[in-house]
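Just below is one structure, and these are the notes that go with it.
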Amino acid sequence: MIMVDYLLKSGACLAIFLLFYKLVLEKESIHVFKRYYLLGALVVSFIIPKIIFTEYVEVAAAPITVPITTDQPMLVFEPVAPAVTDADMLDLPLILWTIYGLGVVLFGFKFLKNLRGIVQRIRKNPKYKINSITNVLLSDIVPPHTFFHYIFLNKKKFEAQEIPEAVMLHEETHAKQKHSIDVLFIELLQVLFWFNPLIYAVKKAIKLNHEFLADQAVVTKGVEASTYQNILLAFSSKANQPELVNSINYSSIKKRFTVMKKHTSKKAIWLRSLLL
């Protein structure tokens, strides 16, 4: 029961932080702040239920009572053992911990499988290093995606120089800003708290904000927003990618276009910070 109480409290904290993010922060152009807000919300949500405020209260002494003796005979009640039901035969905590353990094993296996797949892609395919970035050239037709300082690209398009500079800059931003650290962190939390739907919602918000950051870097470099939006539409794909990578995703394009045009004033930033 103590663990259930803790999980409910941490879940409530995370829900409040996530609701505040969705209503107040998500569409603002303060993407660096939002990145650390989301990561901080995860950590703080697990810390807050552990904080205990102790207050000492002086209790008045209870009055002393003197038993009154009588000559009446004392009644003696024999304790009756409670009836054993089928529910008592089941060890509910053991069943719940078993289900939780199976979930951790399943999601942990999936996490390691995805990680192993990325490592094999890096090892088995030709690589082209430019400064601190390593381009991994794949024979598969896939949208560009990034894992740490590795950018995965279609070999044929890369050699034919058919990948726009804006797309390369987008992926390089993921690599240079180390967005993969955030993704690994939330993926590990997902293994431990696979039963919590809020973890998946925060994971989606973190990945979308990574795209905001990369888009902002491209536009800041002088690429016209309209031109860049056309490039994103051309390179977006609904093809499934490993969950540990950052890739151009079709489902988030509309929201990214809206945020790309948004500029948050310093006054608005201060007001939102104060509200937080």
Side-chain angles (χ1 to χ4, degrees), residues 14 35-36 38-39 42-43 46 97-159 162-163 167-214 232 235-252:
L14 187 57
R35 178 186 183 185
Y36 293 106
L38 289 168
L39 295 174
L42 285 168
V43 175
F46 291 111
W97 278 109
T98 302
I99 294 172
Y100 170 75
L102 290 173
V104 170
V105 171
L106 179 64
F107 280 84
F109 174 78
K110 182 181 178 183
F111 171 79
L112 293 175
K113 182 182 177 182
N114 289 335
L115 192 60
R116 182 172 176 268
I118 293 172
V119 172
Q120 285 183 337
R121 279 188 171 191
I122 295 171
R123 287 180 177 176
K124 294 182 179 180
N125 290 283
K127 292 173 281 292
Y128 184 79
K129 189 171 183 179
I130 304 175
N131 298 324
S132 61
I133 305 297
T134 301
N135 297 320
V136 182
L137 308 181
L138 308 176
S139 57
D140 301 333
I141 300 176
V142 294
H145 52 281
T146 306
F147 182 73
F148 283 95
H149 64 276
Y150 294 98
I151 299 178
F152 300 85
L153 305 163
N154 176 260
K155 182 180 179 182
K156 185 178 179 181
K157 289 187 176 181
F158 178 78
E159 292 176 344
E162 295 178 0
I163 302 176
V167 172
M168 294 301 299
L169 180 58
H170 178 100
E171 297 303 324
E172 287 173 9
T173 302
H174 285 311
K176 291 177 180 178
Q177 295 185 1
K178 297 179 174 58
H179 294 165
S180 294
I181 294 176
D182 304 0
V183 175
L184 283 179
F185 175 65
I186 188 64
E187 287 287 344
L188 287 172
L189 281 181
Q190 184 178 294
V191 171
L192 296 175
F193 300 98
W194 54 268
F195 53 87
N196 189 345
L198 292 173
I199 294 293
Y200 300 88
V202 175
K203 173 184 170 182
K204 184 177 179 180
I206 286 175
K207 284 194 166 187
L208 180 57
N209 191 60
H210 288 167
E211 298 307 312
F212 293 157
L213 283 162
L232 285 179
F235 272 80
S236 63
S237 172
K238 292 183 180 180
N240 292 325
Q241 293 298 324
E243 293 188 10
L244 302 183
V245 303
N246 293 98
S247 62
I248 296 176
N249 189 282
Y250 180 82
S251 61
S252 65

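For the pair Leu38 and Val202, the tightest heavy-atom approach, listed with the atom from each and the gap, is O-CG1, 4.5 Å. The minimum heavy-atom distance between Pro144 and Glu171, with the atom names listed, is O-OE2, 3.4 Å. When all heavy atoms are compared, the tightest approach of Phe107 to Val191 is O-CG2, 3.7 Å. Residue Gln190 comes nearest to Ile199 through the heavy atom pair CA-CG2, 3.9 Å, listed as atom of the first residue, atom of the second, then distance.
Once rounded to the nearest 0.5 Å, the distance linking CG of Asp182 with NZ of Lys203 reads 13.0 Å. Here the straight-line distance linking atom CD1 of Ile151 with atom CG of Leu137 works out to 11.0 Å at 0.5 Å rounding. Atom CZ in Phe148 sits 13.5 Å away from atom OG1 in Thr134 (nearest 0.5 Å). Note that CG of Leu14 is 6.5 Å distant from CG of Asn196, once rounded to the nearest 0.5 Å. For the atom pair Leu192 CG and Phe46 CZ, the distance stands at 8.5 Å (nearest 0.5 Å). Considering OH of Tyr200 and CD1 of Ile186, their distance stands at 10.0 Å, rounded to 0.5 Å.
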- Query: How far apart are the C-alpha atoms of Arg35 and His179, what are their side-chain angles, what is the distance that settles it, and do they pass the side-chain contact (heavy atoms from CB on, under 4.5 Å) test?
  - Reply: CA-CA 9 Å; Arg35 178 186 183 185; His179 294 165; 3.8 Å; yes

- Task: Would you sort out whether Phe158 and Leu138 count as a side-chain contact (heavy atoms from CB on, under 4.5 Å), showing the intermediate values?
- Result: CA-CA 10 Å; Phe158 178 78; Leu138 308 176; over 6 Å; no

- side-chain contact (heavy atoms from CB on, under 4.5 Å) evaluation trace for Val104 with Phe195: CA-CA 9 Å; Val104 170; Phe195 53 87; over 6 Å; no

- Before giving the answer on side-chain contact (heavy atoms from CB on, under 4.5 Å), spell out for Leu184 and Phe111 the whole-Å C-alpha distance, their side-chain angles and the decisive distance to 0.1 Å. CA-CA 9 Å; Leu184 283 179; Phe111 171 79; 3.9 Å; yes

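Checked by atom type and distance alone, the side chain of Tyr100 never pairs as donor or acceptor with a backbone atom of Phe193 at under 3.5 Å.
In this structure, the side chains of Lys178 and His149 stay at 4.5 Å or more apart for every pair of heavy atoms. Looking at Lys113 and Lys110, their side chains never come closer than 4.5 Å, going by heavy atoms from C-beta outward. Contact annotation: the side chain of Met168 approaches that of Asn135 to within less than 4.5 Å [non-hydrogen atoms, C-beta and beyond]. In this structure, the side chains of His170 and Glu211 come closer than 4.5 Å at one or more pairs of heavy atoms. With contacts defined as side-chain heavy-atom distances shorter than 4.5 Å, the pair Leu42/Phe185 qualifies. Annotation: side chain of Thr146 is not in contact with side chain of Thr173 (no heavy-atom distance under 4.5 Å). Looking at Val142 and Phe152, their side chains never come closer than 4.5 Å, going by heavy atoms from C-beta outward. The side-chain heavy atoms of Glu187 and Asn114, taken from C-beta on, include no pair separated by under 4.5 Å.
Lys156 has no carboxylate O lying under 4.0 Å from a charged side-chain N of Glu162, or vice versa, which leaves the two without a salt bridge.
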Acceptor/donor pairs from residues 122-129 side chains to any protein atom, 3.5 angstrom cut, sequence neighbours excluded:
from	atom 1	to	atom 2	distance (Å)
Asn125	ND2	Arg121	O	2.8
Lys127	NZ	Ile122	O	2.6
Lys127	NZ	Asn125	O	3.2

